[in-house]
Amino acid sequence: MKPISIQYYAIILACFFLLSGNIRVLAQNEPDDLARYTPEWIREGFVDAGATHEPWIFQVRRNNERFNQWQKELYEYQTSEDYIKSLAEAGISVYHIYCYKGFGFSAEKDHMDMAAKAAAIAHKYGMKVDTYIQWNTMAYETFFAEVPEAETDLWYQIDVNGKPILLTYGYQQSFRYRPCFNHDSYMNYFKEKIIRYAVEKVKTDFIHFDNFDYNYPPEADFNPAAIAAFRKYLEEKYTPAKRMERFGFENISFVLPPMWNDPNPAEKMVAIKDPVMQEWIDFRCWTFTSRLAECARFARELNKEIAIEVNPHGLVGSNRAWEAGINHPDLMQYTNVIWTEDSNNPRWEDGVAIGKFRHYKLGRITNNFILTYNEKPNDFAENLALNRNIGWLGMKIPVGTAKKYLDFWLAHKELYTQMKGAEKVAVLRSYPSMAYNTVETQIAVNMAEQALQQRQIPFDIIFDQQLATLDKYYVLVLANQESLTDEALEAIKNFVTNGGGLVVTGNTGVFDGWRRLREQSMLDVMYSEKGSDSKVKKNLSFIYGKGRVIYLPELIHPEGEIKLGFETKWVMPENTNELESAIFWAAGKRIPLQVSAPEWVGVSHDTQEKRDVIHLWNYCTTRNIGGITLEYKGKIKKAWAVSPDNGEVNSIIPFTEDGGLTVLKITDLKVYKVIVLEKN
């Protein structure tokens with residue numbers, strides 16, 4: 001393909017509008033929309049395992065280093081009745097199977113029909129069926145043969161030079177174009193040909209959309225459909241007056257996606273100030289969210305009980321909105337499950353508890369389960385404690401550690417279902433703060449979360465969407481949340497006025513939601529309302545309404561480079577003690593659960609009407625732990641523990657009570673233990 005120069009885009013766009021006539025901006029949906037539905041069957045958890053997600057056509061075309069002449073035998077066995085029956089007998093509730101990889105309906109129909117036969121067997125044995133559907137591949141060699149207009153009408157993403165944007169796997173899969181998600185013709189094909197067949201013919205219960213992200217920002221999509229949709233998005237988002245305020249001009253007919261080059265690299269971006277660049281970040285997030293909602297709704301109009309899953313990965317420590325067009329809390333309105341494939345497997349390393357607790361907390365606040373790879377006891381322990389689910393068990397019949405933890409979860413499901421989190425501390429990740437800064441806000445929030453985790457303070461990770469329900473928390477932590485909308489400021493001030501505690505660090509509230517400098521920061525406004533006319537520059541605490549506010553100028557990170565992303569270097573702030581004390585002071589009252597334990601112990605606190613459940617797990621595989629103290633605010637009638645470490649033998653825990661405070665001593669913790677407090 002010849003490069004397409006910028007000066008021809010106006011002509012291309014005009015022709016595109018004339019030919020298609022159906023470019024539109026997708027609307028968000030009402031809360032009762034089917035796209036936001038949680039199927040009945042998935043609400044209390046599931047166990048997922050089964051066949052490869054790679055159809056044979058892809059395995060042959062890819063020919064990776066493990067491909068061999070005898071591989072077909074295992075491939076065919078994974079769809080056999082013997083294999084599927086064995087999974088069901090082992091306690092697997094969801095059978096996983098390939099369905100579509102991106103080669104086009106005609107090229108993959110035989111594989112999809114094989115998946116349908118396997119699905120029928122799984123249903124025979126009482127299992128649900130999870131089908132893999134590739135979201136982000138157009139294997140053009142076969143796809144163009146089936147749908148010639150996909151080539152001529154550009155159904156795929158192109159860069160600023162008109163070249164196809166590719167998925168990158170080992171640099172040997174250039175046959176995988178990325179589809180253009182703003183092209184209605186492609187999306188209509190995807191829904192009618194692929195999703196409809198998966199629901200109606202394969203009879204799937206669970207759709208997994210794979211490769212759910214955009215390429216890194218330098219490869220912005222310059223497809224005419226994407227440019228047209230971006231302009232339409234801005235036109236409908238802002239009135240002419242608001243466009244003038246936002247951009248300095250009203251006419252957005254010539255606005256283009258951001259462009260970078262060697263002297264002007266995207267990798268150097270830290271604070272993202274350019275309003276069009278900010279809007280491009282928002283637009284990419286909005287496109288994926290809206291298109292996913294559209295596909296979820298389409299599937300559920302065919303079968304309401306379809307579960308939806310994508311793999312945007314979790315809170316990996318970097319700016320996923322900027323990097324990949326992923327805004328988790330918006331996106332996860334339309335999912336029931338998300339996959340994360342990062343390498344933060346639970347472990348204790350250089351004084352830091354590395355784990356996937358951020359992902360699990362993300363899932364809890366958005367009513368999603370998290371799927372990830374679990375192999376070692378520590379993996380299963382953190383997963384059960386925070387995810388309340390066993391999740392993915394691979395392609396083999398579970399044995400050993402997997403079987404042990406599966407059996408434990410099945411035997412004690414009442415400790416994982418119908419539970420509410422008892423967290424009274426929340427850490428806010430505000431969208432403009434996290435999306436418009438690639439470094440400072442990420443590091444500050446990562447450190448705040450790490451400190452709370454290692455000091456055993458049960459906490460939630462929340463987003464702008466949860467600011468309307470702050471009243472259930474004692475303390476809100478704002479770690480360098482520099483860009484806050486006016487609505488967010490009001491919600492936060494109301495929370496403190498009504499008795500909430502606020503811990504503020506760094507440049508929190510210095511900018512507005514468009515990252516414009518405020519005349520007064522949030523903290524200066526609140527402090528001035530106390531009668532002071534000075535700006536807050538140093539440690540400070542004060543009473544505001546019925547609540548408390550405390551300010552720490554910074555969370556001090558250790559010396560040396562801090563990497564962010566899938567190789568994030570997690571660190572504890574050097575002033576962790578100061579942050580911990582600030583949280584307890586801001587609360588103004590005792591937090592329901594206080595724990596005395598080494599920093600490599602994880603804690604989770606759930607509650608029901610007549611009992612509380614406390615999960616303890618060990619990030620350090622080389623140390624058994626004793627002498628853990630739990631101080632629980634409330635009276636109980638009985639305490640007992642159960643653990644897969646000791647053959648699931650229930651043990652009674654002695655306790656003492658003093659003035660409404662219950663104290664329990666936990667004498668040993670190997671990997672994972674569940675403490676049950678039976679209430680009066």
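A salt bridge links D486 with R518: at least one charged nitrogen is closer than 4.0 Å to a carboxylate oxygen. Between E580 and R455 there is a salt bridge, since at least one side-chain N of the basic residue sits less than 4.0 Å from a carboxylate O of the acidic one. R388 has a carboxylate O that lies under 4.0 Å from a charged side-chain N of D606, or vice versa, which qualifies the two as a salt bridge. One finds a salt bridge joining E449 and R429 here, because a Lys/Arg side-chain nitrogen approaches an Asp/Glu carboxylate oxygen to under 4.0 Å. Ionic pairing of R590 and E631 is present here: one or more N-O contacts between side-chain nitrogen and carboxylate oxygen are shorter than 4.0 angstrom.
Of all heavy-atom pairs spanning S433 and E482, the tightest one is OG-N, 3.2 Å.
Annotation: side chain of N327 is not in contact with side chain of D282 (no heavy-atom distance under 4.5 Å). Side chains of I326 and F288 form a contact here, defined as non-hydrogen atoms less than 4.5 Å apart.
Defined by atom type and a distance below 3.5 Å, a donor-acceptor pair is missing between the side-chain atoms of T497 and K546. A donor atom on one side chain and an acceptor atom on the other are not found under 3.5 Å apart for Y214 and E219. No side-chain N or O of Y238 forms a donor-acceptor pair with one of E250 less than 3.5 Å apart.
For S483 (side chain) and G513 (main-chain N/O), no donor-acceptor pair under 3.5 Å exists by modelled atom type.
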Begin with the C-alpha distance, continue with both residues' side-chain angles, and end with the deciding distance and a verdict on salt bridge (charged side-chain N to carboxylate O under 4.0 Å, His left out) for E294 and R291.
CA-CA 5 Å; E294 181 181 334; R291 286 304 196 184; 2.7 Å; yes

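In this view, E423 and R364, P458, D460 satisfy the side-chain contact (heavy atoms from CB on, under 4.5 Å) rule, not counting sequence neighbours.
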Which atom pairs, one a donor and one an acceptor, fall under 3.5 Å between side chains of residues 308-316 and the rest of the protein, sequence neighbours left out?
from	atom 1	to	atom 2	distance (Å)
E309	OE2	H208	ND1	2.9
E309	OE2	W339	NE1	2.9
N311	OD1	N211	N	2.8
N311	OD1	F212	N	3.0
N311	ND2	D210	OD1	2.7
N311	ND2	E341	OE2	3.0
H313	ND1	E341	N	3.2

